[in-house]
Amino acid sequence: MTGGSLGLRTGSYGSLQPQLQNGVALPIQSTSVSARKPPKMLPLGSREKEKIILPWICKLCGKRKVGMLLLLIASVAVFLSFISVLNKDDDASSGPETNLFSSDNVWTMINHDIKSPYTLGGPLASVNNDMENISSSGSPFSVPMFSPSILPVQHPCENISLSPLQIDRKRTGPRPCRVCYVPVEQAVFYMPALPSKSPVLKNLTYVVEENSFSNESSGGSIFGGHPPLNQRNDSFDIKESMTVHCGFVGGKKPGQGTGFDIDDDDLLEMDKCHGVVVASAIFGKYDVMQQPKNISEVSKRSVCFYMFLDEETEAYIKNSSSVDSTKRVGLWRIVVVRNLPYEDARRNGKVPKLLLHRLFPNARFSLWVDGKLELVVDPYQVLERFLWRRNASFAISRHYKRFDVFEEAEANKAAGKYDNASIDYQIEFYKREGLTHYSELKLPITSDVPEGCVIIREHIPITNLFTCIWFNEVDRFTSRDQLSFSTVRDKIMLKVNWTVDMFMDCERRNFVIQAYHRDLLEQRKALAALQQPPPLMLTKESPSKPAPQIGVPRSPLKKLPVKHRKSGSRRHRPKAVNSKDQLNITGLS
């Protein structure tokens with residue numbers, strides 16, 4: 001039997017491959033076909049040799065010895081074939097399945113056959129090199145090991161319809177909606193093993209001017225480098241290698257003599273963050289520090305939590321909270337910033353908000369939350385839901401009410417967020433560049449106005465460029481970053497196939513709880529202290545009745561004199577209200 005009639009068995013999977021003849025695949029046949037005898041002109045085949053060799057052996061040995069020899073040969077052949085079958089079965093059982101490789105106590109999972117959008121490997125692959133450096137030093141940012149059996153074949157949140165939350169008619173304004181998160185252990189393994197592709201832009205460097213000076217005619221600040229308009233316009237011309245202004249122009253390393261200065265020991269710890277960073281900031285005692293909740297042990301060991309403060313806020317925090325020897329308050333590691341570049345505390349907050357990739361140069365992913373927000377969902381679950389599941393590299397929620405930049409500008413002026421002249425100047429500048437009102441013609445873009453208190457992003461060149469240019473607009477114009485967001489996004493979209501993923505505001509409210517700014521909270525406390533209870537009413541009561549409780553207001557109702565009562569049936573007579581009834585009514589009102 002020859003290979004021309006049967007497929008050749010290849011690999012360790014036990015599969016049959018069709019044989020090619022003259023470039024054409026021959027069909028695999030299930031029945032055997034007898035081989036043709038070779039022509040006489042060809043050399044002797046194996047059967048012809050057997051006809052010559054067997055009689056020669058029989059002449060030398062007896063028939064009994066020949067039988068024993070053949071039996072021995074058959075036994076050896078059966079044994080060898082049995083061993084080969086076992087080896088093939090072992091290879092086949094480990095063929096298309098997931099293979100595990102261990103390196104430095106970190107498990108890296110590689111699956112060769114899965115074609116889902118989730119590239120498995122998690123933070124395991126991303127911190128593999130990092131673990132070689134920090135495993136011996138006992139760094140808290142280590143990655144645990146999980147079994148690959150936790151990953152289902154189908155994503156747990158696929159084809160799931162979430163019922164809407166019950167509406168509380170007494171509560172007005174925006175509300176959270178239900179969001180499907182996977183368990184933390186699964187979210188860790190959904191973390192991409194490799195960075196996302198950055199379209200066109202591959203290498204991004206930043207302008208450094210150690211001897212920079214003030215040049216207000218070009219706009220901006222010394223910290224931002226005062227980029228002229230021609231350099232601003234060139235930053236939107238996306239190329240493979242680019243150098244742009246991105247803050248910190250006064251030194252080679254952000255935080256060292258650049259403005260927004262940070263202690264060297266803090267910078268050293270920040271450089272050790274190689275995976276996920278959760279960051280926030282409070283300047284000018286503007287907010288009350290909110291501690292993250294529902295954080296898994298996985299995230300407590302492998303995620304960096306950083307809170308940036310100025311010296312004024314640090315003094316306030318020390319009076320209200322305890323800072324341990326590792327500069328931590330709860331989960332937050334405190335970083336005190338000195339030599340702030342701006343007088344406006346809100347504008348200073350835009351530095352870590354938009355330039356986290358410069359402060360954490362080795363981090364892969366970051367989650368920014370404003371100081372007034374309380375994170376109540378694990379960071380890995382948030383990243384899986386809004387980045388990895390959607391194949392996005394930058395995600396931000398859209399405003400719950402406004403979609404148009406012009407409406408946002410008018411709302412900012414009405415609320416006194418910034419001086420009206422500066423807002424009008426910025427909007428007129430964008431109008432001359434082509435800014436228009438938002439309409440359905442912009443779909444699939446769903447909004448031009450973000451709710452910028454949360455930013456979820458991957459640190460790759462294109463997202464770094466986006467936040468650099470966005471920061472430059474905030475540095476040049478007003479600090480209201482909602483006004484410049486759509487202009488920067490749209491200009492980049494004209495050059496490359498990339499956009500920002502904007503999710504619903506109710507989904508954002510699912511994983512962060514919004515609190516009031518500290519000044520508003522103090523105003524409420526002051527107003528509550530100024531409010532005094534109404535004066536108590538003096539009524540004649542019998543000595544047997546208990547004395548009225550101090551501080552409990554009485555109802556202004558009192559008994560009518562007898563001479564004012566109308567005569568008639570009992571049903572027309574007003575019922576007297578005693579002091580006990582008055583207290584119940586007051587308590588319900």
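All values below were derived from every heavy atom in this structure, side-chain atoms included, with hydrogens, water molecules and symmetry-related copies excluded.
Between Phe477 and Phe429, the two ring planes are tilted [angle within 30° to 60°]. Classification of the Tyr342-Phe223 ring pair by plane angle, with boundaries at 30° and 60°, yields perpendicular. Ring pair Phe308/Phe260 is tilted by interplanar angle, where 30° to 60° counts as tilted.
Put simply, the side chain of Lys353 never gets that close to the backbone of Ala281: no donor and acceptor are under 3.5 Å apart. In terms of modelled atom types and a separation under 3.5 Å, the side chain of His459 and the main chain of Arg457 share no donor-acceptor contact. At least one donor-acceptor pair under 3.5 Å links the side chain of Asp310 to the backbone N or O of Thr313.
A salt bridge links Arg338 with Asp263: at least one charged nitrogen is closer than 4.0 Å to a carboxylate oxygen. A salt bridge links Asp271 with Lys253; the closest basic N to acidic carboxylate O contact falls under 4.0 Å. Salt bridge annotation for Arg333-Asp266: present, with a cationic side-chain nitrogen under 4.0 angstrom from a carboxylate oxygen. Comment: Lys293 engages Glu374 in a salt bridge, judged by a side-chain N to carboxylate O separation of less than 4.0 angstrom. Under the 4.0 Å criterion applied to side-chain N and carboxylate O atoms, Asp448 and Lys442 are assigned as salt-bridge partners.
Just one of Ser296, Ser302, Ser299 meets the side chain to side chain donor-acceptor pair (under 3.5 Å) condition when paired with Tyr380; it is Ser302. Between Leu204 and the choices Thr243, Ile462, Asn464, the side-chain contact (heavy atoms from CB on, under 4.5 Å) rule is met once, by Asn464. Checked options Ser393, Ser196, Ser198; the residue passing with Glu458 is Ser196 (criterion: side chain to side chain donor-acceptor pair (under 3.5 Å)).
A cation-pi arrangement is present between Arg509 and Tyr400 under the rule of less than 6.0 angstrom and at most 45 degrees off the ring axis. Cation-pi geometry between Arg358 and Tyr206 is met: the NZ or CZ atom falls under 6.0 Å from the ring centre, inside 45° of the normal.
Looking at residues two or more places apart in sequence or on another chain, you find a side chain to side chain contact (heavy atoms under 4.5 Å, CB included) between Glu507 and Cys177, Val179, Arg385, Phe386, Phe503, Met504. Considering only residues two or more places apart in sequence or on other chains, Asp404 meets the salt bridge (charged side-chain N to carboxylate O under 4.0 Å, His left out) condition with none of them. In this structure Glu408 satisfies the side chain to side chain donor-acceptor pair (under 3.5 Å) test together with Arg402, Asn412, sequence neighbours excluded. Applying the side chain to side chain donor-acceptor pair (under 3.5 Å) test to Lys252 and every residue at least two apart in sequence or in another chain returns nothing. Contacts of Arg480 classified as salt bridge (charged side-chain N to carboxylate O under 4.0 Å, His left out), with partners at least two apart in sequence or in another chain: none. Applying the side chain to side chain contact (heavy atoms under 4.5 Å, CB included) rule to Lys318 yields the partners Glu314, Val323; only residues at least two apart in sequence or on another chain are considered.
Side-chain contact check for Asp261 versus Gln256: every heavy-atom pair is 4.5 Å or farther apart.
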Problem - Ser280 vs Tyr306, side chain to side chain contact (heavy atoms under 4.5 Å, CB included): CA-CA, chis, key distance, verdict - result: CA-CA 6 Å; Ser280 185; Tyr306 275 82; over 6 Å; no
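The 12-atom threshold is not exceeded at CG of Asn497, counting heavy atoms of other residues, nucleotides or ligands nearer than 6.0 Å.
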